[in-house]
Amino acid sequence: MASRLLWASRAASYLRISVFHRGFSSVIKDLKYADSHEWVKVDGNSATIGITDHAQDHLGDVVYVELPEVGVTVKQDASFGAVESVKATSDVNSPVSGKVVEVNEELSSSPALVNSSPYEDGWIIKVEMDNAGELKKLMDADQYTKFCEEEDSKH
Amino acid sequence: MKVPRSLQIWRLGIVNYSDALKLQEKLVSDRKIHKISDTLLSLQHPPTYTLGKRRTDHNLLISEAELKKLGAELHYTQRGGDITFHGPHQAILYPIISLRDIGLGARNYVEKLESTMIEIASLYGVKACPGQKGETGIWVGDRKIGAIGVRIQYGITSHGLAFNIDPDLNYFKHIVPCGIADKDVTSLRRETGNGIYEAVEKPAPHVTYSKEHQCHQVFHLF
């Protein structure tokens with residue numbers, strides 16, 4: 001019963017918006033977003049990080065994910081790894097500073113999870129934050145949605 | 001709303017791979033802090049084999065020692081894509097541009113690189129097209145004439161495209177080009193049977209590229 005309620009509330013928190021020439025790019029309500037299109041889910045001092053639906057759509061099919069080692073330090077706005085798609089490697093930046101405590105090993109054998117499940121199974125790293133105040137620099141779902149619309153209208 | 005942007009084009013002649021890499025790294029840093037505008041490098045390399053971030057060196061069919069005997073170098077890079085060969089009479093374009101400023105993603109950018117090469121090929125009467133899914137690059141039938149490998153940092157591109165005008169195609173025999181085993185490599189020369197072109201130094205690729213981005217051109221002789 002409890003897990004069904006949890007599923008229902010998670011489903012209800014999905015905010016789907018329509019980006020005019022791109023079709024659907026979903027944005028999740030309770031996450032925070034960086035302007036380089038990474039999301040972060042905060043749970044106490046723990047941060048789970050991945051790339052957004054908008055990002056995976058603009059990248060194309062991901063064929064390789066370069067993961068950092070557990071234990072390395074990451075800094076807000078600095079690159080910690082990369083994804084490869086359509087012969088392009090794109091850096092992935094960390095929205096927060098801290099220490100990497102876990103990486104999603106599944107991505108080594110199934111990099112396409114980044115495309116099919118960018119907010120769930122396609123998560124990339126988990127970080128122990130060293131400065132929760134940095135979260136203030138990030139966007140919320142509404143701000144990020146608007147940011148994407150503005151960026152897409154540039155061309 | 002389109003703000004006029006400028007593109008600086010540097011025509012460099014033949015440049016060692018390491019030197020071109022160092023130059024690109026500097027330009028990416030400068031572009032990041034808005035010290036320079038979007039920049040396009042047009043050049044050729046001496047015989048050079050390169051690998052991408054995935055380090056797919058199982059696609060190199062000879063040892064590094066044998067490769068050096070051929071007069072070639074080997075470089076491991078951070079770009080996307082598999083193994084490839086660069087050499088004289090292969091036109092290389094390395095655009096250092098801010099995709100973020102124009103709201104372009106990797107996929108659209110690579111598609112524009114592909115259509116640039118397709119347009120160049122058609123200027124010489126060669127009908128080329130993009131590859132099938134997962135085979136980025138451009139093809140004439142099942143022969144590859146243009147390759148792409150890109151790196152994007154801070155939303156800024158480096159590396160780019162390599163278009164076979166008339167390189168020595170024998171060098172490709174020592175690799176599985178781009179990791180695709182059963183397809184040939186070709187060149188503008190092979191497809192048209194004509195002599196060696198000055199096309200490598202002609203402005204045509206730059207004009208085509210600029211049209212794709214609706215930029216105002218600024219030529220800068222390096």
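Numbered from 1 within each chain, the chains take letters A, B, ... in sequence-line order.
Interface summary for chain A: among B:Q78, B:E135, B:R100, the most heavy-atom pairs under 4.5 angstrom belong to B:R100. Between chain A and the residues B:D82, B:T136, B:D101, B:T157, the largest count of heavy-atom pairs under 4.5 Å involves B:T136.
Of the atoms belonging to A:A82, it is side-chain heavy atoms, and not backbone ones, that fall under 4.5 Å from chain B. Both the backbone and the side chain of A:S36 come within contact range of chain B, judged by heavy atoms closer than 4.5 Å. When heavy atoms are compared at a cutoff of 4.5 Å, A:E150 does not approach chain B at all. Contacts of B:R79 with chain A are made by backbone atoms alone, with heavy-atom separations under 4.5 Å and no side-chain atom involved.
Taking the six-membered ring where the residue is Trp, B:F172 and B:F85 present perpendicular rings, their angle passing 60° and hence far from 30°. Using the six-membered ring where Trp is involved, A:Y144 and A:Y33 have ring planes that are parallel, under 30° apart on the 30 and 60° scheme.
Note on A:D142 versus A:K29: no salt bridge recorded, every NZ/NE/NH1/NH2 to OD/OE distance being 4.0 Å or above.
None of A:H54, A:H58, A:H37, A:K146 except one satisfies the side chain to side chain donor-acceptor pair (under 3.5 Å) rule with A:E151; the exception is A:H37.
In this structure, a donor-acceptor pair under 3.5 Å is present between the side chains of B:D57 and B:Y76.
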